[in-house]
Amino acid sequence: MASELSNAAIAEALEELGDLYELDGAIVHRVVAYRTGARAVREAPVSVAGLAREGRAVELSGVGATLQEKILALLHTGTIPAAEKLRARIPPGLIELTRLPGLGPKRARLLHSELGIESLAALREAALAGRLRTVRGLGAKFEEGVLSSLERGVAERRAPRLLLPKALALGEALADGLIERGGAGTQVLVAGSARRLADSVKDLDLVAVTTKPTTLARSLAKLPEIESVPSAGRAGAKATTHSGVSVDLRIAKPAQLGNLLQHFTGSGKHNAALREAAVRRGLHVSEYGVLDDATGTTRTCASEADVYALLGLAYIEPELRESRGELGAAATGAIPELIETADLRGDLHCHTVASDGRDTIEQMALAARELGYEYLAITDHSASHGFGDDVSPDQLRRQIELVREADAQIDGIKLLAGSEVNILPDGSLDYEDELLAQLDWVIASVHTAFSMGERAMTERMIAAIEHPLVDAIGHPTGRKIDRRAPYALDVGAVIEAAARTGTMLEINANPDRRDLNDIHARAAARAGVSILIDSDAHGVERLSEIRWGVATARRAWLSADDVANTRSWEEFARMRKRTRASTDT
DNA sequence: GCCGTTTTCGGCCCGACTGTTTTCAGTCG
């Protein structure tokens, strides 16, 4: 387990090289190749540095011999020679210029060659002096646009992203409002990354069918969530909410709903790959229909399934549309039947008033039973949680009794006495084995010392995985979506250890976490790891947040069979490491 | 630079919008 460059660091270097080539005037396909390669590296479930050293990075789709060579140079010398050469020629400030809307690589090059501009400060100065409009191809409007963007600080400000629950709630509120005002037969659907159940979204896409398109587009402005509607017409409207979220409403003819919904659900990469594959069959896909070269006619589709069928593909669920192999699978009938929330029969991670939860064992049990669960593990934090809500060994012994009593009193659901045990920095746990052995279920998590190095953190995690009384690892990477990076961890090594020891890995369904993420969960399941989906609920109303974990599981291509807690209690009980250990011998 | 149920070379999605232009280039999603 050598500690070397992370996939993220390699991907960043390839991205930068792509940016530099673009500013150098390379053909767009070459630039796209670097960006595709960077994405393949970032999403690889194993260490790409390791792969490259074995000459196997070329196995990643989008990485060829040239990129592998550049990755190796980066590993050996800390830099890529081609990037060094380009950096000597292209001022670093030019990349900054392309952050302004309407200013891409071509214009950045033009401004550099014509006016010698190499920074945002120089750009501002030239715009104030009225020199931008003197460049052939640029004019007064462009100059005004640049100044206004600079005034608003567009280049520095990162657009806020909405976590999925908020995005869907907003999308559904807008859809309901439009349906109410659109009259009979109006249909409004949430599309875009929200429909694909991504971790977070940048803006909202709505697709509608109505008999009165102009009226519907104008009625968007009347919704309480909407602040402004800069444009509205028969085809749709663009708007901004009071919270600053961009909303794009597109209106389809019923016969074209499938085409438009498919297009606006994306992802962009899925659509690009879909269209490239279609072109090889003489078909041209757009949001309006599918043009057939052979007949010269355009076919429209009322449903998305029809669009995929026209291309010879099985229907692809929105969650899979990320250009991660779904087109090949749809062509060969290999799209899995994705897990649904109703498949889950138990929740193995929740908290009560014994630690930092808000409700009692009984309240959690009744709420879980109401959701249709057959079993629930009570897993309060362990002794050293450190937020004043720790459970001492004696308190845990008492808690075990309380869970047993509740289990005896409450019918229709099996209650497990468990704990979410801290993994200490050295990989040990903070209860004695004698006490852990009295529990029905142990999930181990990292809650402290996030900033240790990758090697130490990976060893820490693997030590916990190898502990015979640890059934599962909770929120394995510690990330908080858009807020906190995962801790440095060799996830490939963690997956290997989990598969080897029969330790389950959790998809924590808290919508701030969704950890494991979709890519890691897919890799873990492929490696033979049993996946768990848990709510980590700290109150009865949060148990239903399990749906966000299911969303991640679906994006990870998981079917019910890949997820341990879709099993009955009898089957699940046998899958626990402690039971396997005693029956395997 | 990558890639192949037409190819190891010659392709590499599609359309809207904008601003600058007399037919289009650049940018964006």
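Everything numeric here is computed off the predicted structure, so don't read it as measured data.
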_I'd like to know if A:R136 pairs up with A:E114 as an ion pair, taking the criterion as any Lys NZ or Arg NE/NH1/NH2 lying under 4.0 Å from an Asp or Glu carboxylate oxygen._
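So A:R136 does not pair with A:E114 through a salt bridge.
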
*Do A:R99 and A:E96 meet the salt-bridge criterion of a basic N to acidic O distance under 4.0 Å?*
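Salt bridge flag = yes for A:R99 with A:E96.
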
Quick one: label [X] by what it contacts on the DNA or RNA (base, sugar-phosphate, nothing), any heavy atom closer than 4.0 Å.
| X | value |
| --- | --- |
| A:L274 | nothing |
| A:G64 | sugar-phosphate |
| A:L100 | sugar-phosphate |
| A:K269 | nothing |
| A:S61 | sugar-phosphate |
| A:G62 | sugar-phosphate |

Measure from the side chain of [X], starting at C-beta and using heavy atoms only, and say which of [options] lies closest.
| X | options | answer |
| --- | --- | --- |
| A:F142 | B:dG1, B:dG15, B:dT20 | B:dT20 |
| A:K202 | B:dG1, B:dC13, B:dG29 | B:dG29 |
| A:E287 | B:dG15, B:dG29, B:dG1 | B:dG15 |

*Over how many whole Å does the gap from A:E276 atom CD to B:dG4 atom P extend?*
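Atom-to-atom, A:E276 to B:dG4, this comes out as 11 Å.
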
*For DNA chain B, whose closest nucleotide is more 5', that of A:A272 or that of A:K106?*
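So the residue in question is A:A272.
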
_Taking the nucleotide of DNA chain B with the nearest heavy atom to each, does A:V285 or A:R99 sit closer to the 5' end?_
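Its nucleotide being nearer the 5' end, the pick is A:V285.
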
*Does some side-chain heavy atom of A:R514 sit less than 4.5 Å from a side-chain heavy atom of A:R479?*
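When only atoms from C-beta onward are counted, A:R514 and A:R479 do touch, with a gap below 4.5 Å.
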
_With a cut-off of less than 4.0 Å, is there a side-chain N or O of A:Y288 near OP1 or OP2 of B:dA16?_
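The answer is yes; a side-chain N or O of A:Y288 sits under 4.0 Å from OP1 or OP2.
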
*Mutual orientation of the aromatic rings belonging to A:Y21 and A:Y34 [parallel < 30°, tilted 30-60°, perpendicular > 60°]*: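 A:Y21 and A:Y34: tilted rings.
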
*asked:* Please name the nucleotide paired to B:dG10 by Watson-Crick or G-U wobble geometry with both distances under 3.5 Å, or report none.
replied: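 Its partner is B:dC3 (Watson-Crick or G-U wobble, both distances under 3.5 Å).
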
